[in-house]
Amino acid sequence: MAKVTVGLPQGTRDFGPDVVRKRNYILSTIRNVFELYGFQPLETPAMENLDTLMGKYGEEGDKLIFKILNNGLDNPEKEKQVRDDFEKVLRGKNNKGITERALKYDLTIPFARYVAMNHSQLTFPFKRYQVQPVWRADRPQKGRYREFYQCDADVVGSKSLMNEVELINIYFTVFEKLNIDCTIKINNRKVLTGITELTGKPITTKAFASIIDKLDKVGIDKIKSELFELGFTQNDWTKIEKFLKIADETPGLHQFASLKMDSSIAAEGIDEVSYVISHLSDAQKKKIVFNSSLARGLDYYTGCIFEVKANNVQMGSIGGGGRYDDLTGLFGVPNIPGVGISFGVDRIYDVMEELQLFPEEVHIGTQVLFFNLGTAESKVAFSLLQPLREKGVRGELYHENSKFDKQFKYAEKKNIPYVVILGEEEVKAGTVKLKNIKTGEQQTLSQEALINFSFI
RNA sequence: GUGGUUAUAGCUCAGUUGGUUAGAGCAUCAGAUUGUGGUUCUGAGGGUCGCCGGUUCGAGCCCGGUUAGCCACCCCA
């Protein structure tokens with residue numbers, strides 16, 4: 001056999017037929033739920049102008065953006081300019097002479113760009129969903145790829161907290177349909193701001209939040225020592241410790257009464273979370289957890305923050321989102337508030353694979369295979385196959401007159417549940433033999449009865 | 001970006017302190033079986049041991065480099 005000399009770029013994957021089927025099962029489930037809640041589809045280009053993306057995801061984010069090299073750099077007339085421009089790139093400065101486009105890093109910023117460009121035509125509140133691949137130049141590892149799909153739903157142009165309630169319901173509905181047991185963590189950026197203010201330290205909410213965000217992972221002692229290194233005193237620590245300690249206690253909000261008294265901004269955040277939780281069903285309330293240390297990295301969140309974690313499996317978050325007051329302001333159109341969520345399809349896939357949650361039917365493509373037992377026989381087979389296809393039955397005729405053995409094995413490998421045997425005898429009698437390959441049951445039907453047979 | 005770890009047949013993996021011609025299971029193909037697959041039996045094909053270099057009389061095994069996978073950190077879906 002010839003030696004294969006080709007490969008895939010790091011962190012990317014091919015998806016074979018079986019995998020695509022399973023991925024589509026997830027994607028169509030999510031899309032259907034988005035539509036149920038009145039969201040409309042949107043697609044944006046794979047690439048954006050570099051300016052649109054840079055600086056939106058923090059310093060780390062900038063490094064992880066895949067830049068696209070400009071064309072025509074080999075033009076001899078431009079050689080000097082290209083060399084000068086490349087010098088600047090080497091010094092860590094992006095330069096339009098070398099690159100001015102990049103692959104999109106998420107769906108939220110391109111959406112904000114779209115809204116900014118089209119705000120005068122849109123009907124607000126504008127509810128859109130978007131299912132597309134995004135790219136990050138991250139080092140691959142478990143549940144992390146360089147090309148992966150995001151499924152986002154956002155509402156812009158409304159401050160109503162009912163949007164948050166709806167989005168959480170979308171999460172619960174989708175994961176229930178997929179049979180994934182999960183927990184939604186909720187927090188509010190204003191709570192983080194409040195706790196940060198309470199410390200009285202000159203530290204930004206973002207810096208503070210990114211430290212306490214690791215609470216679940218590293219434990220409270222590590223957080224404490226890290227903060228002390230930044231100049232926190234025992235006195236500062238005492239003020240905030242009690243709030244960190246009640247993280248993950250559902251809903252635990254009443255325990256924040258003292259924080260509400262000390263910080264009006266925190267009070268606002270706590271009220272928002274209470275409002276949202278109060279609109280959930282009792283069953284949902286059991287699966288949502290207020291977590292005052294939940295931060296998430298993105299700079300632009302201003303209100304509620306969500307994160308979804310699958311239970312009983314070792315995997316990072318399978319979804320996340322939050323409210324942002326002024327995302328389009330970055331593109332010159334102020335005062336359009338929004339809130340959105342995102343599903344991580346690739347991780348959801350990995351979770352479902354690990355917990356074996358894909359239903360059996362997902363694997364069935366072709367429902368019925370007609371055996372090819374000769375020229376005259378296959379002609380009759382074809383005349384029966386076409387009406388079945390018209391009725392929506394997925395069927396195929398074996399491509400050549402081969403031994404039974406071969407044709408059976410083909411059906412087995414393709415996971416086709418039914419085979420139709422139509423040979424000389426059957427042609428004469430005007431019948432067919434229909435065999436269920438799983439159970440081994442075989443019946444003789446008239447050709448007319450076959451066309452009316454209900455294939456599952 | 002930092003660190004760890006792995007790389008042997010299409011797949012999953014053995015391969016002893018460095019020693020002749022590198023093995024197994026599964027899969028594939030052919031036959032037993034020209035109108036009944038899955039089970040069974042027989043046989044066959046398939047490997048420059050990731051790539052480059054070094055040590056050695058001799059390297060799948062030791063050393064250096066490199067590429068890729070996996071895992072962790074950072075960060076994140």
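Note: hydrogens, waters and symmetry copies are ignored here, and every other heavy atom, side chains too, is used. Within every chain, numbering begins at 1; the chains are lettered A, B, ... in the order of the sequence lines, protein sequences first and strands thereafter.
For C75(B), its base sits under 3.5 Å from the side chain of Arg144(A) at one donor and acceptor pair at least. For Lys435(A) against G37(B), a side-chain-to-base donor-acceptor contact under 3.5 Å is present. For C73(B), the base has no donor-acceptor partner in the side chain of Arg139(A) [N/O atoms by modelled type, under 3.5 angstrom].
Heavy-atom distances to RNA chain B give each of Glu307(A) and Glu412(A) a nearest nucleotide, and the one nearer the 5′ end belongs to Glu412(A). If Leu8(A) and Gly316(A) are placed on RNA chain B by their nearest nucleotide, the residue sitting closer to the 5' end is Leu8(A).
Heavy atoms of Gly423(A) sit under 4.0 angstrom from at least one base atom. Within the nucleic acid shown, Gln407(A) has no heavy atom closer than 4.0 Å to any nucleic acid atom. Base engagement by Glu426(A) is indicated by at least one non-hydrogen atom pair under 4.0 Å involving a base atom. Among the atoms of the strands shown, only primed sugar atoms or phosphate atoms (P, OP1, OP2) are found under 4.0 Å from some heavy atom of Gln150(A). Here Lys63(A) lies out of heavy-atom contact (under 4.0 Å) with every strand. Among the atoms of the strands shown, none is found under 4.0 Å from any heavy atom of Ser342(A). Within 4.0 Å (heavy atoms only), Ile437(A) reaches at least one base atom of the nucleic acid. No engagement by Gly374(A) is indicated, since no non-hydrogen atom pair under 4.0 Å with the nucleic acid exists. When heavy atoms are screened at a 4.0 angstrom cut-off, Gly440(A) is found touching base atoms of the nucleic acid. Within 4.0 Å of Ile421(A), counting heavy atoms only, lies at least one base atom of the nucleic acid. Counting non-hydrogen atoms under 4.0 angstrom, Gly319(A) reaches the backbone sugars and phosphates but no base. Tyr145(A) comes within 4.0 angstrom of a nucleotide base, judged by non-hydrogen atoms across all strands. Within the 4.0 angstrom heavy-atom criterion, only backbone atoms of the sugar-phosphate kind lie near Lys413(A); the bases stay farther away.
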Show your reasoning for whether salt bridge (Lys or Arg N to Asp or Glu O under 4.0 Å) applies to Arg323(A) and Glu164(A). CA-CA 8 Å; Arg323(A) 177 168 282 279; Glu164(A) 274 84 339; 2.5 Å; yes
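Under 3.5 Å, the side chains of His399(A) and Asn372(A) contain no donor-acceptor pair of N or O atoms. Checked by atom type, the side-chain pair Asn401(A)/Glu377(A) shows no donor-acceptor distance below 3.5 Å.
Considering only side-chain N and O atoms, Lys309(A) lies nowhere under 4.0 angstrom from the phosphate OP1 or OP2 of C76(B). Taking 4.0 angstrom as the limit, Gln141(A) places a side-chain polar atom (N or O) nearer than this to OP1 or OP2 of A72(B).
Across the protein-nucleic acid pair, Leu64(A) atom CG and C75(B) atom C1' stand 7 Å apart, rounded to whole Å. The distance from atom CZ of Arg146(A) to atom P of C70(B) is 11 Å, rounded to the nearest whole Å.
When both pairing distances are held under 3.5 Å, U16(B) makes no Watson-Crick or G-U pair with any nucleotide shown. Using N1 to N3 plus N6-O4 or O6-N4 for Watson-Crick, or N1-O2 and O6-N3 for G-U wobble, each under 3.5 Å, C73(B) pairs with G1(B). Within the shown strands, C11(B) is the pairing partner of G25(B) under the Watson-Crick or G-U definition, both distances less than 3.5 Å.
When distances are taken from the side chain of Lys406(A) to each of C75(B), U36(B), A30(B), the shortest belongs to A30(B).
Asp138(A) and Arg146(A) are not joined by a salt bridge, as no carboxylate oxygen comes within less than 4.0 angstrom of a charged side-chain nitrogen. A salt bridge does not link Glu100(A) to Lys67(A): none of the charged side-chain nitrogens sits closer than 4.0 Å to a carboxylate oxygen.
Nearest heavy atoms, Arg21(A) versus Val362(A): CD-O, 3.2 Å.
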